[in-house]
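Working notes, structure below.
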Amino acid sequence: NNPHAMIAEIDDDLSTDDFSSLQLSDEERAILEGRSGTAAEHVAMRTLCRVASISDAPKLIPVTQAHIDGCTYIGPGGRRFAERLVDMGGKVKVPTTLNSVSADRRRWAALGV
């Protein structure tokens, strides 16, 4: 898996997004524009900026910890997105927790989880 090809594909999918009104630090803007950071950081920043834009947030805020609430297995698309981030070397930058209650404890292996 070529991280640069993955970025190009994702950027093509998101090419209509306009984050010019979102107030970003110089570091955040460099990661968003692909001038800094890893492939996974670029994809994560695009995702964060898209959520901020949809939520009408004026800027991103620094965090020291996070919780991933929407980690339910929702099908191949969600799994493929997570796998791509892993393939690109994606890792959390702050201590992070998630919910595992929604996992099918009987059929998790058959689901490929």
Side-chain angles (χ1 to χ4, degrees):
N1 292 327
N2 180 343
H4 297 291
M6 290 181 199
I7 288 175
E9 180 181 331
I10 290 165
D11 282 348
D12 284 346
D13 289 345
L14 302 176
S15 63
T16 60
D17 288 337
D18 177 15
F19 304 122
S20 59
S21 64
L22 189 59
Q23 300 167 29
L24 298 174
S25 70
D26 291 342
E27 178 185 11
E28 292 165 341
R29 181 75 55 193
I31 293 169
L32 177 63
E33 294 173 354
R35 295 181 285 111
S36 179
T38 66
E41 288 172 324
H42 174 72
V43 172
M45 183 59 71
R46 290 205 59 121
T47 303
L48 288 172
C49 288
R50 192 166 216 200
V51 171
S53 178
I54 291 168
S55 304
D56 291 327
K59 64 182 181 177
L60 303 179
I61 59 171
V63 297
T64 57
Q65 59 188 4
H67 178 77
I68 303 170
D69 193 42
C71 58
T72 304
Y73 177 72
I74 56 170
R79 181 175 169 189
R80 191 168 37 254
F81 178 74
E83 287 172 343
R84 281 186 172 175
L85 286 176
V86 170
D87 289 345
M88 289 186 273
K91 298 181 187 295
V92 297
K93 288 208 170 195
V94 296
T96 306
T97 59
L98 55 82
N99 294 339
S100 60
V101 175
S102 60
D104 186 330
R105 294 176 186 243
R106 291 185 210 152
R107 298 184 323 117
W108 64 271
L111 293 171
V113 178

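- Residues Val86 and Val92 are members of separate hydrophobic clusters, defined by side-chain heavy-atom contacts under 4.5 angstrom among Ile, Leu, Val, Met, Phe, Trp and Tyr.
- Clustering of Ile, Leu, Val, Met, Phe, Trp and Tyr side chains at separations under 4.5 Å leaves Ile54 isolated, with no partner residue.
- Summarising the geometry of Leu85 relative to Val43, their closest heavy-atom pair is CD2-CG1, 3.8 Å, with the distance given to 0.1 Å.
- Side chain of Ser53 to backbone of Val51: no donor-acceptor contact under 3.5 angstrom is found.
- No side-chain heavy atom of Met88 sits under 4.5 Å from any side-chain heavy atom of Thr38.
- The list of salt bridge (charged side-chain N to carboxylate O under 4.0 Å, His left out) pairs with a residue in residues 23-34, not counting sequence neighbours, reads Glu33-Arg35.
- Nearest approach of Ile31 to Glu41, heavy atoms of both residues: CG2-O, 3.4 Å.
- How far CZ of Phe19 is from CG of Leu32: 6.5 Å, rounded to the nearest 0.5 Å.
- The minimum heavy-atom distance between Leu22 and Cys49, with the atom names listed, is CD2-SG, 3.6 Å.
- The CE atom of Met45 sits 6.0 Å away from atom CG of Leu60, with the distance rounded to the nearest 0.5 Å.
- For Val94 against Val63, the heavy-atom pair with the smallest separation is CG1-O, 3.6 Å.
- The two residues Ala40 and Gly89 have their closest heavy-atom pair at CB-C, 4.3 Å.
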